[in-house]
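Heavy-atom basis, side chains included; hydrogens, waters and symmetry copies ignored. Numbers restart at 1 for each chain; the letters A, B, ... are given by sequence-line order, proteins then strands.
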Number of protein chains: 2
Amino acid sequence: MTSRQTVTIVDVARAAGVSKSTAGRALAGAAEVSARTRDKVARVAAELGYRPNQLARSMITGNTQTVGVVVPDLSNRFFAEVLQSTARTVRKHGYEVLVSSTEGEPELERRAVETLAAKRVDGLIVAPLDGTDDDHLRRLAEDGTALVLLDRRAPGVDRASFVSANNIEASRLAIDHLIRLGHRHIGIISEARYDPALLDVTEPSAAGLRPSAMRLAGYLQAMTAAGVPTRPDHVMHSAYSSAISYDATRTLLRTNPEITAIYCTDNVLSAGAFAAVQDSGLRCPQDLSLIGFDDHEWATLVRPRLTAVEQPTEAIGVAAAEDLLDAIATPARPPVTRLLAAHLVVRDSTAVPRRQDVD
Amino acid sequence: MTSRQTVTIVDVARAAGVSKSTAGRALAGAAEVSARTRDKVARVAAELGYRPNQLARSMITGNTQTVGVVVPDLSNRFFAEVLQSTARTVRKHGYEVLVSSTEGEPELERRAVETLAAKRVDGLIVAPLDGTDDDHLRRLAEDGTALVLLDRRAPGVDRASFVSANNIEASRLAIDHLIRLGHRHIGIISEARYDPALLDVTEPSAAGLRPSAMRLAGYLQAMTAAGVPTRPDHVMHSAYSSAISYDATRTLLRTNPEITAIYCTDNVLSAGAFAAVQDSGLRCPQDLSLIGFDDHEWATLVRPRLTAVEQPTEAIGVAAAEDLLDAIATPARPPVTRLLAAHLVVRDSTAVPRRQDVD
DNA sequence: ATGAAAGCGCTAACAT
DNA sequence: ATGTTAGCGCTTTCAT
C-alpha cells in the first residue's frame with residue numbers, strides 16, 4: 001500500500017461485525033464490553049493496522065496531550081537540557097512536546113505562541129524574549145491556557161507560573177567568593193547594561209527583568225553590600241555571542257588594568273571570555289580570576305579548570321514541567337513561583353589577587 | 001474570562017451577521033468575498049479574540065503542518081543543533097516540530113513514533129536506535145508517511161530517505177592524517193565493537209549500521225588501505241558516556257603502550273578521552289596524538305587545541321528538513337540518500353610520533 | 001452489552 | 001458573493 005488512506009474505526013467495526021460505538025468502546029477498554037467482542041475488535045484492529053486518530057479524539061475531549069515549549073535558542077546548552085528534562089517529565093504523564101525556537105526574534109515568539117495555541121496545546125512553557133510586547137502571553141493566560149514562564153517573567157502576565165534559577169543569589173555567590181579572596185576590582189561581562197536602578201531590585205522574581213539583568217543586579221548588590229564601590233566602566237556589555245564576548249573581555253582588560261577578576265554572567269559569553277583571558281597575556285588565576293556561568297562540559301577540561309556558577313538545569317526543566325501539568329490538571333489553581341538555587345563550583349580559575357589593590 | 005471556552009467561527013459569523021462559510025472564506029482571505037464583509041469579519045474576529053482551531057482544519061485537509069523529530073538524546077550537542085536547524089527550516093515552510101527524545105530505549109522510540117503518527121504528523125525525521133526491531137518505521141513508511149532517517153539507516157525500511165555524514169570517509173580523514181604523520185599504532189575509542197566484517201562495508205549508506213560502526217569500519221579500511229595492520233586490541237569499546245570513555249582510554253593506554261595516537265569516534269566520548277589523556281602523564285601531542293569527533297565549543301579552549309573530525313551539523317539538519325518537506329509535497333517521489341562530507345580540522349593535538357614505531 | 005444519533009469546529013462541495 | 005449541506009474520525013449521550 002502506498003496510499004496515505006488510513007484505516008478508520010468504521011473499517012475496524014465493519015470487519016469485526018460490530019457498530020462503530022462498540023468498536024470504540026472495545027478499543028478504549030471500556031468495562032461494559034464483552035470479553036469476546038473486545039478480543040475480536042482488538043485482533044481485527046491489529047490486523048488492519050488501525051491507528052486511532054488523535055486529532056478526532058482531541059476535537060471531542062478538548063485536550064491534545066501535547067504541551068508547547070518556546071525558547072530563544074535550542075543550541076544553547078541550557079535550553080537544550082531544560083527541554084530534555086521537560087520532555088522526559090511530561091512524557092511520563094502521557095504528553096508530547098511541540099517545540100519552537102524563536103532565535104531571539106520577538107515576532108517569531110509571538111507567531112510561535114499563536115501557532116501552538118491554534119494547535120490547541122494543553123499548556124505552554126515559554127522563555128520569553130525581552131521584546132516590548134507580552135500581549136500574546138497575557139491573552140493566552142487569560143483564555144485559561146496553562147502557562148509557565150521560564151527564566152524570565154513577562155511583566156504584564158500574571159496568572160502564569162514562573163520557574164527560574166535565583167539569579168540575584170547566583171551572582172552573590174560569585175561576587176562573595178571573589179571579595180572573600182580579596183578582590184576589589186571586579187569586572188562583569190553582561191548582556192545587560194549598567195543601570196543604578198538595578199540596585200533596588202531585591203525581589204528576584206518580581207520584575208520582568210531578563211536573567212542577565214538579574215545577574216547584573218546581584219553583582220551590583222553584592223558589591224555594595226560588601227562595601228566595594230561599583231563602577232559603571234567595570235560593567236562591560238556584550239551581545240549574545242561568544243565572539244563578541246571575546247572582544248568585550250579584551251577591551252575591558254585593556255581599558256581597566258586595575259581589574260583583578262572577571263565574572264561572566266552567561267553560558268555562551270563564558271567561552272569567549274575564557275579565550276580572551278587566555279590570549280590576554282595575563283596568567284589565570286595568578287593575575288586574573290575568572291568565574292563563568294552554567295556548567296560547561298569543558299569546565300574541567302581547560303587549564304585552569306573553570307570556576308563557575310551552575311544552575312540546576314535539569315531541576316528547572318522538571319519543575320517547569322511539573323508545574324505545567326499541575327496547572328493543566330487544576331485550572332483554578334493559582335500560579336506559583338519557583339526560584340531554584342544556583343551553586344558555585346570552585347575550581348582553579350579563581351585565586352587571591354596578586355597585588356592587593358586598594359582604592 | 002477564566003474560561004477555556006473558545007470562540008468558534010460560528011460565534012464570529014453570528015456577530016458579523018454572515019454565514020459560517022462566508023466567515024470562513026473571509027478569514028481565509030478568499031477572493032470571492034466582498035471587501036466589506038472581509039473587513040467586518042476580520043474586525044469582529046479580532047474583537048472576539050477568535051483563534052482558528054487547527055485541529056478541526058486538519059481533520060478536513062488531512063495535514064497538520066507538523067513534523068515529528070525523534071532523536072536519542074537532546075542534550076547531545078549534535079542532535080540539539082540538528083534539531084535547531086531542522087526546526088528553523090521547516091518553520092519557514094509553515095511547519096512546527098513535535099520532538100521526542102528516546103534516551104537510548106528502543107521501546108520509547110517505538111512508542112514515540114506511534115504517538116506522533118497518531119497525532120497525524122505530516123512527516124517524521126527519525127534517528128533510529130540500534131534496537132532489533134524496525135517494524136514501527138517500516139509500517140509508517142509503507143502507510144505513506146514521509147520519513148527521513150537521520151544518522152543511521154533502518155535495515156528493513158526502504159521508502160525512507162537517508163541523511164547523514166559520510167562516516168566512513170570521516171574516519172578516513174582522521175586516519176590518513178595520522179598515518180601521514182607517521183603513526184602506525186593507532187587506537188580507537190568506539191561505541192562499536194571490533195568486527196572484521198566491517199572491512200567489507202564499503203557503501204557508506206547501504207547497511208543499517210550505527211554511525212559508530214561506520215566510523216570503525218572507516219578506521220579499519222583506512223588502516224588496511226595504507227598497509228597498516230589492524231589489531232583488535234587497539235579497538236577499545238566504550239559505552240555512550242564521557243566517564244566510561246575516560247576509563248576506556250586510560251585502559252587502552254595502559255595495556256597498549258605502543259599506541260602513539262588515539263581516534264575518538266563520538267561526540268560525548270571525546271571529552272572523556274581528552275581528560276584521560278591529560279591525566280595519563282603522556283604529553284599531547286608529543287607522546288600521543290588525539291583526534292576527537294564533532295565540533296565542541298571547547299576544541300579551541302583546551303591545550304593543546306583539539307584536532308577533530310567535524311560533521312556539517314547544520315547542513316544535515318537542513319538537508320533532512322528539506323528532504324522531508326519534499327517527500328510531503330511529492331508523495332510519489334522515490335527516497336533519496338544524502339551523505340554529507342565531514343572535514344578534518346587540524347589543530348594542535350596531533351603531531352609526528354616521538355619514536356617511529358616499526359612492526 | 002450493543003446500536004443509533006448527535007456533534008466537536010472547521011472546510012469543501014453544491015447550491016443560489 | 002453568499003448560504004446550505006455534508007462530512008473529517010472520533011466519543012458520548014441516549015436508546016434498546
Side-chain angles (χ1 to χ4, degrees), chain A residues 3-42 44-45 48-66 114-115 117-122 143, chain B residues 3-42 44-45 48-66 115 117-122 143 145:
Chain A
S3 70
R4 190 81 203 278
Q5 196 51 48
T6 43
V7 180
T8 78
I9 200 171
V10 179
D11 302 318
V12 174
R14 185 163 36 218
V18 295
S19 80
K20 167 169 87 160
S21 3
T22 301
R25 280 187 277 249
L27 261 8
E32 338 107 288
V33 180
S34 77
R36 251 189 69 142
T37 48
R38 182 156 51 228
D39 292 353
K40 171 94 181 172
V41 169
V44 167
L48 263 44
Y50 170 70
R51 185 149 35 201
N53 185 333
Q54 174 69 41
L55 295 176
R57 180 176 298 166
S58 292
M59 289 277 313
I60 298 168
T61 62
N63 56 268
T64 51
Q65 299 298 116
T66 304
E114 279 306 317
T115 305
K119 291 189 192 299
R120 294 302 190 259
V121 291
D122 295 334
D143 281 0
Chain B
S3 70
R4 190 81 202 280
Q5 196 51 49
T6 42
V7 180
T8 78
I9 200 170
V10 179
D11 302 319
V12 174
R14 185 164 34 218
V18 295
S19 80
K20 172 170 83 158
S21 6
T22 301
R25 280 186 278 249
L27 261 7
E32 338 107 287
V33 179
S34 78
R36 248 187 72 139
T37 47
R38 183 156 48 227
D39 292 354
K40 172 96 180 170
V41 170
V44 167
L48 263 43
Y50 170 70
R51 185 148 37 202
N53 186 332
Q54 173 68 41
L55 296 176
R57 179 176 299 166
S58 293
M59 289 277 317
I60 298 167
T61 62
N63 57 270
T64 51
Q65 299 298 114
T66 304
T115 305
K119 291 188 192 299
R120 294 301 189 258
V121 292
D122 296 334
D143 281 0
T145 301

Nearest heavy-atom contact between B:A13 and B:A23 is CB-CB, 3.9 Å
Among the candidates C:dT2, D:dT2, D:dC8, find the nucleotide nearest to the side-chain atoms of B:I60. D:dC8
Send over the distance from B:K20 NZ to D:dT2 C1', rounded to a whole Å. 14 Å
Phosphate-side-chain proximity, A:S34 and C:dT2, N/O vs OP1/OP2 below 4.0 Å: yes
Hey, what do you get for CG (B:N53) to CG (A:L55), rounding to the nearest 0.5 Å? 10.0 Å
If I take atom CG in residue B:L27 and atom P in nucleotide C:dG9, what distance separates them, rounded to the nearest angstrom? 15 Å
Considering all heavy atoms, the nearest B:T64-B:Q54 contact: O-NE2, 4.0 Å
Taking the nucleotide of DNA chain D with the nearest heavy atom to each, does B:A56 or B:R38 sit closer to the 5' end? B:R38
When rounded to whole Å, the CD1 to P distance for the pair B:I9 and D:dC8 reads 19 Å
Checking all strands, does A:T37 fall into the base, sugar-phosphate, or nothing category for heavy-atom contacts under 4.0 angstrom? sugar-phosphate
OG1-NZ distance between A:T22 and A:K40, expressed to the nearest 0.5 angstrom: 13.5 Å
Provide, to the nearest angstrom, the distance between the CG atom belonging to B:N53 and the C1' atom belonging to C:dG7. 14 Å
Hey, does the side chain of A:S19 come within less than 4.0 Å of C:dG3's phosphate (OP1/OP2), counting only N and O? yes
May I ask you to verify if any side-chain N or O of B:R57 is less than 4.0 angstrom from the OP1 or OP2 atom of C:dC10? no
Report the distance from atom CZ of B:R51 to atom C1' of C:dC10, rounded to the nearest whole Å. 16 Å
Report the distance from atom CE of B:M59 to atom P of C:dG7, rounded to the nearest whole Å. 16 Å
OP1, OP2 of D:dG3 versus side-chain N and O of B:T22: anything below 4.0 Å? yes
Considering only heavy side-chain atoms of A:E32, the closest of C:dA1, D:dG9, C:dC10 is C:dA1
Check if the side chain of B:R25 and the base of D:dG3 share a donor-acceptor pair of N or O atoms closer than 3.5 Å. yes
Can you work out whether B:L55 or B:S21 has the more 5'-proximal nearest nucleotide on DNA chain C? B:L55
Roughly, in whole Å, what's the span from CG in B:N63 to P in C:dT11? 12 Å
Could you point out which residue of B:D11, B:I9, B:T6 forms a side chain to side chain contact (heavy atoms under 4.5 Å, CB included) with B:Y50? B:I9
